[in-house]
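These notes concern the structure reproduced below.
Numbered from 1 within each chain, the chains take letters A, B, ... in sequence-line order.
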Protein chains: 4
Amino acid sequence: MPIVIDQMSEDPIYQQIRTQVIGAIATGELSPGEPLPSVRSLARDLGVNLHTVNKAYAVLRDEGYLIMRGRSGAFVADIRDSPVHHLTAEQDWLMGKELRRLAVAFRARGGSESAFVEEAARQARAAFQREKTLVKGAGTDER
Amino acid sequence: MPIVIDQMSEDPIYQQIRTQVIGAIATGELSPGEPLPSVRSLARDLGVNLHTVNKAYAVLRDEGYLIMRGRSGAFVADIRDSPVHHLTAEQDWLMGKELRRLAVAFRARGGSESAFVEEAARQARAAFQREKTLVKGAGTDER
Amino acid sequence: MPIVIDQMSEDPIYQQIRTQVIGAIATGELSPGEPLPSVRSLARDLGVNLHTVNKAYAVLRDEGYLIMRGRSGAFVADIRDSPVHHLTAEQDWLMGKELRRLAVAFRARGGSESAFVEEAARQARAAFQREKTLVKGAGTDER
Amino acid sequence: MPIVIDQMSEDPIYQQIRTQVIGAIATGELSPGEPLPSVRSLARDLGVNLHTVNKAYAVLRDEGYLIMRGRSGAFVADIRDSPVHHLTAEQDWLMGKELRRLAVAFRARGGSESAFVEEAARQARAAFQREKTLVKGAGTDER
DNA sequence: GTGGTCTAGACCACG
DNA sequence: GTGGTCTAGACCACG
């Protein structure tokens with residue numbers, strides 16, 4: 001899971017880490033149960049502050065994407081069927097709120113309902129197709 | 001246009017104002033050319049500082065939703081056929097990025113592409129229908 | 001990047017800062033990615049309030065000239081190949097409007113079309129050559 | 001000289017009056033020596049405050065476009081050869097400064113010198129051709 | 001340390 | 001009356 005930090009980005013560094021971990025889980029590059037690098041090693045590799053990685057992991061745990069097993073480090077949560085399921089539900093609820101907010105603003109700019117849905121579909125297609133072949137390959141080959 | 005501030009919210013106060021003004025424009029509760037309450041009076045009504053409302057209005061102006069006239073206050077812009085629709089293009093571009101981010105996170109939580117689009121469609125329906133009947137009704141009913 | 005504030009000027013202080021930062025970017029004195037002085041230190045050096053510098057930087061960010069990173073300050077944006085060149089388009093459109101206004105007023109004063117274009121060309125020459133040799137020289141000379 | 005006030009514009013009303021008077025002088029619709037409507041009548045016609053028209057006329061006088069003859073009202077100045085000639089010189093000087101400022105900002109956005117001059121030429125063409133036929137007609141026919 | 005946000009109070013141009 | 005600008009001082013998240 002190669003994480004790249006853009007020191008020039010306007011996004012906080014911990015958000016960049018968070019986004020890329022979520023992206024890796026989305027594409028299957030990181031599978032449920034798989035361990036993540038330790039806070040210390042990732043901080044060293046990325047050349048960022050230890051607290052920054054810590055914060056990223058803590059947020060991902062709060063969102064239900066990771067499970068922290070104390071001394072053994074962080075692991076990808078099995079979101080579908082797990083005690084953290086309510087966290088996913090909360091994320092879905094927040095996503096709904098966010099989609100609503102975007103749609104409202106789009107309407108305020110004179111956009112139409114169908115144009116909004118089309119744009120959402122286009123972005124979904126991009127998000128779900130990216131790395132899809134990689135994911136399939138990673139799941140069927142020997143590793 | 002009733003605006004409600006949640007002092008406990010994580011959202012900055014000026015963002016809460018911004019969101020609710022955009023919502024009122026979207027539903028037609030605020031029409032192009034219509035005046036908004038003055039910075040001073042809204043600040044008084046909401047119990048927040050003058051500068052906080054000022055910032056909300058300034059952001060809305062920069063995004064193209066409002067026009068400020070130093071003399072007589074803030075007015076809803078006619079964003080649809082404005083010569084500065086660069087502003088709209090910018091907003092639309094940011095919306096696309098945000099939709100992508102949401103879709104990626106949804107995929108990471110095990111969601112499917114079609115479920116994402118369905119949720120987007122549901123939220124769009126809500127955003128575009130809310131108050132629509134009220135608005136139409138106000139023009140066609142005898143009240 | 002020496003910035004000079006004229007407290008007696010009609011131009012707001014934040015505009016004076018803005019203009020001089022743009023000038024420094026234009027001449028290459030400030031290059032993309034290069035950090036600017038922090039809001040606090042510049043405010044101290046100029047003898048103005050922190051919020052005044054903050055506003056100047058915020059405007060420059062909104063116009064696409066700067067990037068703000070909450071943690072480590074302000075940096076010169078690489079405006080040329082930015083994905084948000086809507087911002088540049090907006091600036092260019094405003095420039096066109098301004099040029100038109102100047103040309104109309106010049107005509108009203110009895111000026112000719114060719115004289116206007118000649119003056120524009122003269123000013124452009126000055127704006128584009130100023131510091132150009134200095135910049136180039138710094139790279140090719142042995143100093 | 002039909003003046004139209006856009007109450008929705010972001011420009012101050014006195015600036016709108018100023019710009020349109022300058023435009024009328026530019027196209028020859030208003031000729032040197034010609035009287036302008038009185039402050040009172042123009043204010044009444046435009047439905048604006050008397051002070052607002054007064055300010056517009058005062059600015060135009062300070063810029064050398066008008067001459068105020070006390071009791072007899074405002075007249076278009078003969079800019080070319082008149083005691084207010086130094087005012088025109090000042091306007092030209094300000095125009096040069098403004099052109100420089102625009103060129104510097106354009107360079108900072110990555111624009112080229114030739115592109116700037118081309119845009120200036122395009123705007124000059126528009127400013128000088130607009131109403132040119134009207135002007136010619138007005139000068140050669142019986143009025 | 002950095003910028004982001006909020007409050008508070010002042011003076012200004014415009015109308 | 002209106003918003004625009006400036007100063008002053010505070011607390012926050014991020015690193």
How about [X] and [Y]: do any of their side-chain heavy atoms sit closer than 4.5 Å?
X       : Y       : result
A:Arg69 : A:Ile67 : yes
C:Val39 : C:Tyr57 : yes
D:Leu36 : D:Phe75 : no

Worksheet entry | Nucleotide range of DNA chain F lying under 4.0 Å from chain A heavy atoms |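 Both ends considered, the range comes out as F:dC14 to F:dG15.
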
Discussion item. Here's a test of your reading of the structure: between B:Arg40 and C:Ser41, which maps to the more 5' nucleotide of DNA chain E?
Written reply: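 Mapping each residue to its closest nucleotide by heavy atoms, the 5'-most match is C:Ser41.
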
Discussion item. Between C:Tyr57 and B:Ile13, which residue's closest nucleotide on DNA chain E lies nearer the 5′ terminus?
Written reply: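 Taking each residue's closest nucleotide, the earlier one in sequence belongs to C:Tyr57.
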
Item to complete: Once you apply the 3.5 Å cut-off to both distances, tell me the Watson-Crick or G-U wobble partner of F:dC14, or none.
Response: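 Check on F:dC14: paired to E:dG1, both distances under 3.5 Å.
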
Practice prompt. Tell me yes or no: between the side chains of C:Ser41 and C:Arg44, is some donor less than 3.5 Å from an acceptor?
Written response: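 C:Ser41 vs C:Arg44: no donor-acceptor pair found between side chains.
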
Discussion item. Any base atoms under 4.0 Å from C:Val48, or only sugar-phosphate, or nothing? Heavy atoms, all strands.
Written reply: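 The answer is sugar-phosphate, as C:Val48 gets under 4.0 Å only of primed atoms, P, OP1 or OP2.
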
Worksheet item: Toward the 5' end of DNA chain F, which comes first, C:Pro12 or B:Ser72, by nearest nucleotide?
Response: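 Counting from the 5' end, the first nearest nucleotide belongs to B:Ser72.
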
Item to complete: For B:Arg61 and for A:Tyr14, find the nucleotide of DNA chain F with the closest heavy atom, then tell me which residue's nucleotide is more 5'.
Response: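 The residue mapped nearer the 5' terminus is B:Arg61.
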
Practice prompt. Could you point out which residue of D:Gln16, D:Gln20, D:Gln15 forms a side chain to side chain contact (heavy atoms under 4.5 Å, CB included) with D:Arg18?
Written response: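 Answer after filtering D:Gln16, D:Gln20, D:Gln15: D:Gln15.
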
Worksheet item: In terms of side-chain geometry, is the basic nitrogen of C:Glu63 or D:Arg109 positioned less than 4.0 Å from the acidic oxygen of its partner?
Response: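 So C:Glu63 does not pair with D:Arg109 through a salt bridge.
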
